[in-house]
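For reference, the structure is listed below as structure tokens.
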Amino acid sequence: MSSKDQNSVRNHKDYQAEVERLEFSKEYIKTVLDISKGNKEFFVENMRQSFAELNSKDSSTSYTDLLANASFLELAETELKRLEAVIGKPYFSRIDFTSDSTKKEETLYIGKVSLFDRVTQQPIIVDWRSPIANVYYDGRLGEVSYDAYGEMQTGYLSLKRQYDIVDGLLKEIRDIDLTTHDELLQKSLSGKADNRLTEIVATIQNEQNEVIRASLTHPIIVQGAAGSGKTTIALHRISYFLYSFGFQFPPEKLMILAPNRLFIDYISAVLPELGVNKINQTTFIDFMRGCLGQKLKLFSPNSKLMKLLEGNGTNKTFQWVSSYKGSLQFKELINRYVNELESNLSPKEDFVLENSVLIKGKRLRTLFLKEYTYLPIYKRLGKIKSLLEEDVKKKKSMMLSNLNNKYEEALDKALYNTKWEPEKRKQKVITLMEKKEQRKKRIEQESKVAVKKYMEAFDMKDILILYKELMSSPEKIQKHSTTLTDQECQILSKYCRRIFERGAYELEDLAPLFYMKAKLEGIDEKYKMRSVFIDEAQDYSYFQFAALKEGFETELFTIVGDLAQGIHSYRGLNSWTPVVKEIFPNAIYKTLQKSYRTTVEIMNLANDILRLIDQDMPKVEPVIRHGQKPSYRTIDPANLEQVKLQLEQDISSLKDEELHSIAIIGRTDRECQRLQQLLGNSHLPIQLLEEKQEMKKGHIVILPSHLSKGLEFDAVMLVCLEEPYSQVDLDIKLLYVSMTRPMHRLYLYGEKTGDFLLNRADSLHFEAK
């Protein structure tokens, strides 16, 4: 910070008061930390004592004490970590607000945690997720209102102030009004990529805040432009969700579905800072593998993308199959197949024991098809089985008692029948006793196997077998489809048989398998999420959304994506309309067209590329932050040594500018391997990034365009050695994705500008070889 800027902040009329308030807040946090650490030691000692008192005779009291203290210890450690994390920056803003109901002005400091004076219970720091904090994000000076747990509160906002606090020192004070530009946002945007995710809470914009705080009891779908903050919005909405509903929804029942493991690593540092722990962070594939409970062998989810890139989209069969498998029409086909299975599995025969009808088949069928429909199909059969077992148990005693009474009466008649000769009477008694024993034995024997025998008629096949039986048979596909032609049924069946013969499944098979598991077996409670957050949702299919919704039996979804980055649109998703209208009819739909990531100059070039897509894609509006024009370098791919030298020089220049997060992006994996060979013996630290790897700190990463989606860097270098981009939608989207990754600088290296589909020279800064 310059001496001029330092003098400026010291000249602020409230500078001294704000410094004193900051010191007070830091000291209070330090005091709370000291007390908490003391409490921690107290809890540990209590746990040690409770553990020592546990014995085999009477451990209930000690066990309860142990659990209680463990809970307190966990709470103390969580609070410790959060307070320790913010002591250098306790808050980032302040509002002065006078409530209409109390007529009393309050000065509230807003930060990442709540902190109350333990004596007066007055807030020292207000959590950014609290209702009153909404005034900071949404309100302008003057009359404002906010929703506090269903009740509208009104009042007057007289001050909205921002702080730049670094390592416990007050660096800047900014008072915000209608005419003041948001300098804190500009400063954040001009910062480095490695800390942007963790700092966004201080610079959340009005339209982003609306999404974060939108109704938590409705699904929300967000179409957000590249750089609009979709990921950070999703993460902050999770934090807001737990703040609002944490007492109802344990974090273990919340899940964020990320596009890949690399992306999970990228966001991993953010959630703890937002007070979010234990939430499930996984990919769709990893979740499905765990949930389906089988060691499913899958073809690489990007194999089709690579085929399309290598063949320029000429293979129409697998595109059509992928699109169909991701469609709601295919869901209906699966649904009709499951309905047939349900009908075939419904009980029809009477349940009989020793020639006596215990329960009519019609009654069992009614139970199965009507009264037990809240259960999955196989579990309904399990309930029928339990019912039969209980019925046998109950009626067996009754049958034996009736049998005994019947034969006792018959024996009495035989013994006292004076008309019969003694020999005849004797023979009759023996016969009756033998029959009684035979029937008694038969009842005993049949009661042991009656339920098992009855249930043997129900063939509860494994879902993988059922799915293969369906998809391998054109006749079965035809039977359950209302939209496919005979030829399409043949093509689909032949394609699936070829896949199954190779002993694996495709990504597009996971949604129908999950859907069938939900309908037939049910989803294990461990995997049944109550609220789901999906990032990069444009790469999902309609069937995936529908399967997740029905399998989890919840509508609490936060879905964020960008159709302009839909590089997997061959799976079916090319519009949000069916998602909103058919799958989530109660959804809130929002669009975010402002891009906060990159400069105006870079975004202008990316928008030029976006216009090439033969689809109605809205133009992205960059926040006004200027920088250098994207630089174009003409290279000769035949002279690799010269290309290497050029790349190394540019990387060194970027590092001199303190732009350390740098990515070299190639069109495909193969192009990236060429780049790795080119730079393999460079003096610079180079990492060829793969999907399941973590980015090594301080390394220049080489990665394919499809893997860069969702990431951001200080600078990006797009290189065409042997693979120019073609004017097809997939290439255009990949190029758009790559161009929108940098925050500050974009370089393009090619033999000609046409390699990047560029025709307008005014958007580029040219440098010769």
Side-chain angles (χ1 to χ4, degrees), residues 292-293 328 330-403 439 442-473 475-482 512-525 528 546-547 549-553:
L292 292 172
L328 294 178
F330 185 48
K331 173 183 171 284
E332 288 309 308
L333 186 154
I334 296 292
N335 213 41
R336 281 187 284 273
Y337 180 52
V338 169
N339 288 342
E340 182 184 70
L341 293 171
E342 178 187 47
S343 179
N344 291 341
L345 287 170
S346 62
K348 298 171 183 66
E349 303 297 326
D350 295 340
F351 179 56
V352 177
L353 178 63
E354 212 261 333
N355 298 323
S356 296
V357 176
L358 299 193
I359 306 180
K360 289 272 190 186
K362 185 178 179 182
R363 171 61 182 155
L364 292 173
R365 187 175 173 83
T366 300
L367 288 171
F368 182 83
L369 293 176
K370 291 185 178 178
E371 295 186 30
Y372 293 163
T373 50
Y374 63 92
L375 290 171
I377 292 169
Y378 287 178
K379 287 190 177 178
R380 286 185 237 166
L381 288 174
K383 194 163 177 66
I384 292 286
K385 182 183 177 183
S386 298
L387 175 69
L388 298 182
E389 287 170 343
E390 284 296 316
D391 204 58
V392 166
K393 198 179 198 180
K394 183 170 64 176
K395 291 182 179 175
K396 172 187 158 186
S397 301
M398 193 185 302
M399 288 177 71
L400 288 172
S401 177
N402 290 341
L403 178 71
R439 289 195 63 190
R442 197 157 62 238
I443 289 171
E444 291 283 1
Q445 288 175 337
E446 285 190 22
S447 65
K448 290 178 182 177
V449 298
V451 176
K452 182 182 178 184
K453 196 171 179 181
Y454 188 84
M455 297 305 296
E456 281 174 354
F458 307 107
D459 188 7
M460 293 184 283
K461 291 183 180 178
D462 183 85
I463 58 168
L464 295 182
I465 294 172
L466 289 169
Y467 185 67
K468 283 183 179 179
E469 286 180 357
L470 170 67
M471 301 309 292
S472 300
S473 167
E475 293 78 20
K476 285 191 175 183
I477 293 173
Q478 179 70 58
K479 180 180 180 181
H480 296 99
S481 171
T482 59
L513 286 170
F514 178 78
Y515 185 78
M516 288 176 66
K517 181 177 177 67
K519 294 290 185 183
L520 292 167
E521 300 174 0
I523 305 303
D524 190 291
E525 197 58 38
K528 211 159 192 179
K549 175 191 170 186
E550 296 200 31
F552 294 147
E553 298 178 277

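All values derive from a computational prediction rather than experimental measurement. Residue numbers run from 1 in the order of the sequence given.
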Might you work through the side chain to side chain contact (heavy atoms under 4.5 Å, CB included) test for I384 and L388, ending with a clear yes or no? CA-CA 6 Å; I384 292 286; L388 298 182; 4.2 Å; yes
For E456 and K452: C-alpha separation, side-chain torsions, deciding distance, then whether side chain to side chain contact (heavy atoms under 4.5 Å, CB included) applies. CA-CA 6 Å; E456 281 174 354; K452 182 182 178 184; 4.0 Å; yes
Is there a side chain to side chain contact (heavy atoms under 4.5 Å, CB included) between L364 and Y454? Walk through the geometry before answering. CA-CA 12 Å; L364 292 173; Y454 188 84; 3.3 Å; yes
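Within a 6.0 Å radius of CD in E340, more than 12 heavy atoms belonging to other residues, nucleotides or ligands are found. Annotation: K528, atom NZ; neighbour count of heavy atoms from other residues, nucleotides and ligands within 6.0 Å is above 12. For NZ of K348, the number of neighbouring non-hydrogen atoms (other residues, nucleotides, ligands) closer than 6.0 Å is greater than 12.
Put simply, the side chain of Y515 never gets that close to the backbone of A546: no donor and acceptor are under 3.5 Å apart.
Checked against a 6.0 Å centroid threshold, the rings of F552 and F514 count as neighbours.
Note: M471 CE to I477 CD1 = 4.5 Å, rounded to the nearest 0.5 Å. Rounding to the nearest 0.5 angstrom, the gap separating the CZ atom in R363 from the CD atom in E371 is 4.5 Å. Atoms CG and CD1, on L341 and I463 in that order, are 11.5 Å from each other to the nearest 0.5 Å. Atom CG in L292 sits 9.0 Å away from atom CD in E521 (nearest 0.5 Å). The distance from atom NZ of K517 to atom CG of L464, rounded to the nearest 0.5 Å, is 9.5 Å. Rounding to the nearest 0.5 Å places CZ of F368 at 4.5 Å from CG of L381.
For the side-chain contact (heavy atoms from CB on, under 4.5 Å) with Y372, the lone residue among I377, T366, L367 that qualifies is L367. For the side-chain hydrogen bond (donor to acceptor under 3.5 Å, both in side chains) with S473, the qualifying choice from E475, E469, K476 is E475, the only one to do so.
A salt bridge between E342 and K519 is absent, with no side-chain N of the basic residue lying under 4.0 Å from a carboxylate O of the acidic one.
For the pair E332/T482, no side-chain contact is recorded, criterion being any heavy-atom separation below 4.5 Å from C-beta on.
In this structure, I523 and G551 approach most closely via the heavy-atom pair CG1-O, 3.6 Å. The minimum heavy-atom distance between G522 and P376, with the atom names listed, is CA-CG, 3.4 Å. The two residues A450 and F351 come nearest to each other via the heavy atoms O-CE1, 3.7 Å.
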